[in-house]
Every structure is written in C-alpha cells, then in structure tokens.
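As structure tokens, the structure follows; a few thoughts come after it.
Please read all numbers here as calculations on a predicted model, not as lab measurements. In what follows, every chain begins at residue 1, and chains take the letters A, B, ... in the order their sequences are listed.
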Amino acid sequence: MLRSWRKRLEQALISFVQQAYSLPLERVDFAVPPRIEFGDLSTPVAFDLAKPLRKAPRLIAEDIVNKLGPVEGIRRMEAAGGGYVNVFFDRGLFAYELYNNARRGAAGLVADAPWSGKTIVEHTNINPNKAAHIGHLRNAVIGDTFVRLLRYLGERVEVQNYIDNTGVQVADVVVGFLYLEKKSLAEVQAISGKFDYYCWDLYAKIAEFYAGEAANLALRSRTLRALEAGDNETTELADHISTRITQAHLATMARLGVTYELLPRESDILHLRFWEHAFKLLKERGAIIYAQEGPSAGCWVMRMPEGDEAAGDAEETEKIIVRSDGTVTYVGKDIAYQLWKLGLLGMDFYYRPFMRYPSGQRVWVTLATPCPGETPPSFGGAQRVYNVIDTRQAYLQKVVGQGLRALGFVGQADNSIHFSYERVALSSACAAELGYQTEADANPRATVDVSGRKGQGVKADDLIDKLLEKALTEVQARHDIEATEARRIANQIAVGALRYFLIKYARNSLIAFDFKEALSFEGETGPYLQYTVVRANNIFRKLYEAGDRSADQLTALTTAPLLNGFLEAAPDIWELVAMTARFSDMARLAVQTMEVSHVAKFAFALAQKFNLFYHRHRILSEPDPSRKLFLLAVADLLRTILTGGLELMGMEIPERM
RNA sequence: GCGCCCGUAGCUCAGUUGGAUAGAGCGUCGGACUUCGAAUCCGCAGGCCGGGGGUUCAAAUCCCUCCGGGCGCGCCA
C-alpha cells in the first residue's frame, strides 16, 4: 500500500518537473526520513535537478513545495536541510487504508503479482552420513525463511534438499561399518537409538583409520566405485545408511518447521545417466578435456581462467571433474543436476513419496526406476534457482557456472544463483565447554571450526533439547498449567529462540556460537517478539472475556477522521503505525538482497515500538470510548503485522508466555 | 602467491540504491510491578565507523593504498 502512495507522488513529481523545467525524469527516489518530525517520506530529487538546472538544490526544493499542488493523501510538504523535499501524509486516511488492508488478512499484505515461472530453492543438503549440527541449522533456517519470503511475494517455489548419497562422506561411514566395526548390513539395521548420533561418532574415527595403514585408504576408493556402479551389497548398506540418516535430518528440521518438497538423490543422477549425458555434452563442447600429463594425468578436467587475461598473465587452473579411477566429483554431478533444475537436460527422474508431514504435506524422493502409484507433481524445470550453500564453496559454484556457460547456457547460468552465507563456528569459550580445547589453548578472540570429520560441533537435536528444557522451566515458573500444554508452549518458544538467533545475523557475518547467547530469551531474541504479540493478543482476550464485543467491528467503527484526530496529537503512535506500512518493502528488500536478517531487524524494531506504546497507554481502562477504540485499532494493526513477520521467520505465537 | 569476505561502543552486531544528529542487544550503574503479565519499560555512561589518500553538493557506505583478521585455491564436499 505504501508503494501505491509513493507511486502517486512520484507521478505528480515527474509531471511537475516535465512541465515546470521541461526535464524528463524516469524515476524519483524516496527515503524514510531519520526522524518522524521530518515527515513520512523524503526525496533528494532536488539534488539531482541541481546540476541540469544550474540552481541551488534548496531553491529547487522550495519551488517544488510551493508549486506542485495538491496530491491525494498528502497533507503538506516542506523543503528541508540542503534541499530535501519532505512529505507529510494525511495520517487518518493513511491509517484507515492500512488498517482495512491488514484486517483482510495476509492477502492484504501481499503487494506483488507472481511472475511467470517457478523458482527452486535448494537448501540443507547435509551429507547423509551423520547427525545435523548447528552449521546445518543455519543453512536450513536461512533457506526456509527465504522460501517463506518468496511465497509471501507471490512466487511459485519448489524446495529441494539434495541428497549426496554417493559421495566420499557416505563411503567413509560405509568403510567404518564394514572394516572398522566389521558389521554386516543386518547388524547395522539392528542398531537402535539415535542412528545419526551413532554415525557421528563412527565418522569421527575414520580419519584415524585411514591414517593408520595405507591399504585402508584404498577401501574408500573401492567403496566409492561400488556406490557409483550400484546394485551390490555395498550399495545396499550405503542406501540403508543414507536413507536412515536422511529421515533423521528431516525429523530434526521438522522440529523447527522446516520442510521440503523433493529429495533429489545423487545416485539417481548417476544411474539414470544424467551425468553421462552431461559428460557427453561437455566433451563435445570441449568444456572439459582429458589430461595426458601433469598432476591431473588420467583425469577429465575443466580449465578455469584465472587472473587478468588481457594483461597476458592468464594462468589456468584445472578443476578435476572425473577422477583417474573413473568416478565423478561432486562438481560433475552438480553440473548435471543444475541442468535438470533449469530444465536444460531433456531427461527426468522417477519419483515416489518419501514421507508425509503431520500437516499432510508430502515429501517426494527421486528414483532411478519407474514406481507405480500416485502421479508425482512436476518437478524441476525452473526459471530461477537459488542454491543455499556456505561461502567456502564459492569457488566450486563458480566452476559449476562455468560448466553451464561452456555448454552455451549463459543466461541460465546467471539464473542459477549461489545464495552464499558465512558459517557457524564455536566461540572459544564454547569449544572449551565442550572439551574440544583446553582453557590454556583458548584464545578468546579466536573461534574453533565445527567439523563433522573431527566430530566437533553442537548437534542440532542436542541444542533444541537444551532450549526446550530451558523454555519449559521458564513457562512452569510463570504458569500453573498441565504438562502437555506447557510442553507445547515451551516448544514454540525454543523454536522461536533458535530460528531468530540464526536469522538475526547478516549472512556475511560469521557466527561465533555461544550457548549463553543462543539460549537467551531476553533482549533481541525470538521470545521477545513472541511475548510482544502475546501481550497484544491478551488485550483482546481480556476484552472478549469481559463481554466487550467492540473488537469485532473495529474497522467499521474506526473512521479516517477519528484516526486522524488522535494520530495528529500522538507522533509516537503515528510512528508505530507508519512503520507497519513498510512491511512489504522490507520483504522485497530481503529478497532482492537475499538478506533474511532484514525481516528479523524489522520485526524487532516494530516490537520495541509496540512495547513502548503498550507501556505508555493503558487500553482496557481507557475511559474515553473513542480513544479506546483508536488504541485498540493500533494494537490490532500491530499484532496483525507482527504475526505476519513471525510467520515469515517460521515462528509461532504461543497462547500465553 | 592469487581470489573472496570482514574490521562500527567493553562484548555481539545493525546501518536500504551514497543522504539530515551513526543505532540496537548484552554487560555496568540507577530507576519503574495494588496496573492490558516485568520474557517488559525508562535513564546514565560508552564511537578519529582499523589508518591514509581520492571521487561527490553529500562517504561507515564508492575507488586506491596500507595495517589487522577469516576463508578458499583437494582425484573431500
């Protein structure tokens, strides 16, 4: 809605500049003034006109203010500072329209029509050979929040979680079971308890096993080849491991409200010969070549230009795509997968249902052979793909893009976007707490890497359990309610705290994980936001309990003149109202910049404003009925918008806190 | 060596396409619960935005350079 108001003003300014100065303007930029006294919108347009008009910006601004004439919804304008044009809305009219839109529900908030085509977001992508840890959670929560943002803006989104079930990491655990623990498939199947935790420990032992005897490392290559060939006992064991671990990952993510639609498996890319097809194309185009000599002799490699070629110091590095033992690296398989995602491969998977969420939503998994039963939805073939992968893989993503370009898919390569983010490391204190380093080693400024290979990290389920336990204590300290209800609320709080913690940092910022911060429920945290909405909801619950039904017809009773009277007299409340209008702008910005932390920062700022409002104005005991109506409308607007913000972040609103 | 990222208050971090007096949280200290629930609110203190140069009417933001830190450059992913 704010956008249409802005548009109206922009049009008026453009035609005025055309008329008065005979200058064509394509667009006018607007900003939110730093303080509410400066108005509701501000434009530096006079600064841009200063040069062509050879006139001081301040004078141009005054000219615009004096001569522009009336614009619907604009109460007044003024020239300010060195040449800003500050614009003041008709507060009543604005609030009235805003409130009526919001009351229509989510649809009232959505501003954009969907553009044609489908968007695939690929996230999580944990190697299915061990339990998920805190680093994986950051990926999944950022990815899931981004998906919610895209859907809010009206885009058609398909969520994929790639299962790398034929890679070295799975092979390592297979080797661990077969040769280190000497277990048969049946024995592995019989392992009870948390299988992902069991594999976490086993995987941590494998490096030592390889280092022990030279022959041990050959077992990895042998296992890897068996996995690619398929249809053997080794593959059966690997399938059991990766499927069981994938189930564990999906269960962990479901605890946080993160869901998927398709699990594309790497083994199917191989067995359906997606890779062979892509390999053929790459060879035909000369995108990859066979290395006769040098360190990569016997491998198929892609040449990557490096340095400034024009300057003549063009050095080339080689990226191995097919190993000398004939197996394919991750990059090779990813090129084939990207081609499929963008609908460029001309081949498709087979599918079967993998599991069903409590909501009824279904997750599908790819297959290499036809499967009778339900017809799957149409997967793949997207116009645009976001790959949520941490920044350390930027080089590999570049190689994959290079591969697509070499095949002639230049525009499509640009539409396959690396959604890059920094990793989570352990703070020094945290690493010491977990016994990964001694107090003496601890450098308070440094961090310790999370490493699945070393078995170092905070496991996702452990962290969620810890949050849950703390939340339960807090809930029980405040309310005397039955156990299941307390647990449900504690769960909502735990999830809110964790998701907010993982979203509030900009994606470029490395998170030094610290239990004290992650487990905090005060200040800039998820529970703070939830508490804010709970407070607002309580007002309406109390009202209802007292038999007051006026809230049911708030919009009918709340007229623009009534709103205007109060809003003109209360700049702090107007500031709160005006801020809620920026919700859609914020969502658009978050998608444009691929920065989900904007949602977090916006929601927090809004909650702060509301808590201040809540503190200053007592609503239920307000004696003036029309003022009470006004305050109720403000609280109602706020809780609607803030609830929408929390939904974007995957946070639920507890009944009480 | 080459490439990418970062450096803002004691600590952890925000800061829209360059815009008006650089903001939060935590921590410290001091206040506010007979009130719609204090998981809250208010106040105090705390900054050559790593250094230097440049572009601009305007730089924390863009360019150059130096210093300090992280990551990548595997027949792992």
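- Residue-level contact check: A/His617 touches the bases, meaning some heavy atom is under 4.0 Å from a base atom.
- No donor-acceptor distance shorter than 3.5 angstrom exists from the side chain of A/Arg453 to the backbone of A/Tyr203, with no hydrogens or angles considered.
- Map A/Asp48 and A/Ile489 each onto its nearest nucleotide of RNA chain B; the residue landing nearer the 5' end is A/Asp48.
- If you check B/rG7 for Watson-Crick or wobble pairing at under 3.5 angstrom, you find it paired to B/rC67.
- Note on A/Leu510: only backbone sugar-phosphate atoms sit closer than 4.0 angstrom, heavy atoms only; bases stay farther off.
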Letter per nucleotide, 5' to 3', of nucleotides 40-45 of chain B [B base touched, S only sugar-phosphate touched, - untouched; heavy atoms, 4.0 Å]: SSS---
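- Anti is the conformation of B/rC29, whose glycosidic angle sits further than 90° from 0.
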Sub-3.5 Å pairs of nitrogen or oxygen atoms, protein against nucleotides 33-35 of chain B:
residue, atom, partner, partner atom, Å
B/rU35, O2, A/Arg618, NE, 2.6

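- Base pairing of B/rC73: its partner is B/rG1, meeting the Watson-Crick or G-U wobble criterion (both donor-acceptor distances under 3.5 Å).
- If you check every strand for non-hydrogen atoms under 4.0 Å, A/Ala297 touches a base.
- Heavy atoms of A/Val170 sit nowhere under 4.0 angstrom from any nucleic acid atom.
- Between B/rG68 and B/rG15, the two C1' atoms lie 23 Å apart (nearest whole Å).
- A donor-acceptor contact shorter than 3.5 Å is absent between the side chain of A/Ser221 and the backbone of A/Leu217.
- Side chains of A/Gln393 and A/Asp390: no donor on one and acceptor on the other come within 3.5 Å.
- Counted by atom type alone, A/Gln492 and A/Glu652 present one or more donor-acceptor pairs between their side chains at under 3.5 Å.
- Using a 4.0 Å heavy-atom criterion, one finds that A/Ala506 contacts the sugar-phosphate atoms exclusively.
- Ring geometry for A/Phe501 against A/Tyr505 counts as perpendicular: the plane angle is over 60°, on a 0 to 90° scale with 30° as the lower cut.
- Of the nucleotides present, B/rG19 is the one that pairs with B/rC57 by Watson-Crick or G-U wobble criteria, both distances under 3.5 Å.
- Using a 4.0 Å heavy-atom criterion, one finds that A/Pro57 contacts no nucleic acid atom at all.
- Distance check on atom P: B/rA60 versus B/rU8 gives 15 Å, rounded to whole Å.
- Residue A/Ile493 is classed as a base contact, given a heavy-atom separation below 4.0 Å to a base.
- Stacking of A/Arg582 on the aromatic ring of A/Phe602 is not recorded, the 6.0 Å distance cut-off and the 45° axial limit not both being met.
- Between A/Asn537 atom CG and B/rC36 atom P the separation is 17 Å, expressed in whole Å.
- The separation between A/Tyr84 atom OH and B/rU21 atom P is 8 Å, rounded to whole Å.
- A/Asn125 comes within 4.0 angstrom of nothing in the nucleic acid, heavy atoms only.
- A/Ser42 comes within 4.0 angstrom of a nucleotide base, judged by non-hydrogen atoms across all strands.
- Summary of the strand contacts: A/Ser520 and A/Lys601 both lie near RNA chain B, and taking for each the nucleotide with the nearest heavy atom, the more 5' one is attributed to A/Lys601.
- Every residue two or more places apart in sequence or in another chain that forms a ring pair (Phe, Tyr, Trp, His ring centres under 6.0 Å) with A/Trp275 is listed here: A/Phe279.
- Atom C1' of B/rC29 sits at a distance of 44 Å from the matching atom of B/rG54, rounded to the whole Å.
- Heavy atoms of A/Arg478 sit under 4.0 angstrom from at least one base atom.
- Using modelled atom types, no side-chain atom of A/Ser451 and backbone atom of A/Gln456 make a donor-acceptor pair closer than 3.5 Å.
- Residue A/Leu396 is classed as a base contact, given a heavy-atom separation below 4.0 Å to a base.
- Using a 4.0 Å heavy-atom criterion, one finds that A/Ser324 contacts the bases of the nucleic acid, with or without backbone contacts as well.
- A/Asn86 comes within 4.0 angstrom of a nucleotide base, judged by non-hydrogen atoms across all strands.
- Taking 4.0 angstrom as the limit, A/Asn508 places a side-chain polar atom (N or O) nearer than this to OP1 or OP2 of B/rC6.
- Side chain to side chain, A/Glu266 and A/Tyr162 meet the donor-acceptor criterion of an N or O pair below 3.5 Å.
- Ring geometry for A/Tyr84 against A/Phe47 counts as perpendicular: the plane angle is over 60°, on a 0 to 90° scale with 30° as the lower cut.
- In summary, the side chains of A/Tyr531 and A/Asn611 do not present any donor paired with an acceptor at a separation below 3.5 Å, with no hydrogens or angles considered.
- Looking at heavy-atom distances under 4.0 Å, A/Gln169 makes no contact with the nucleic acid at all.
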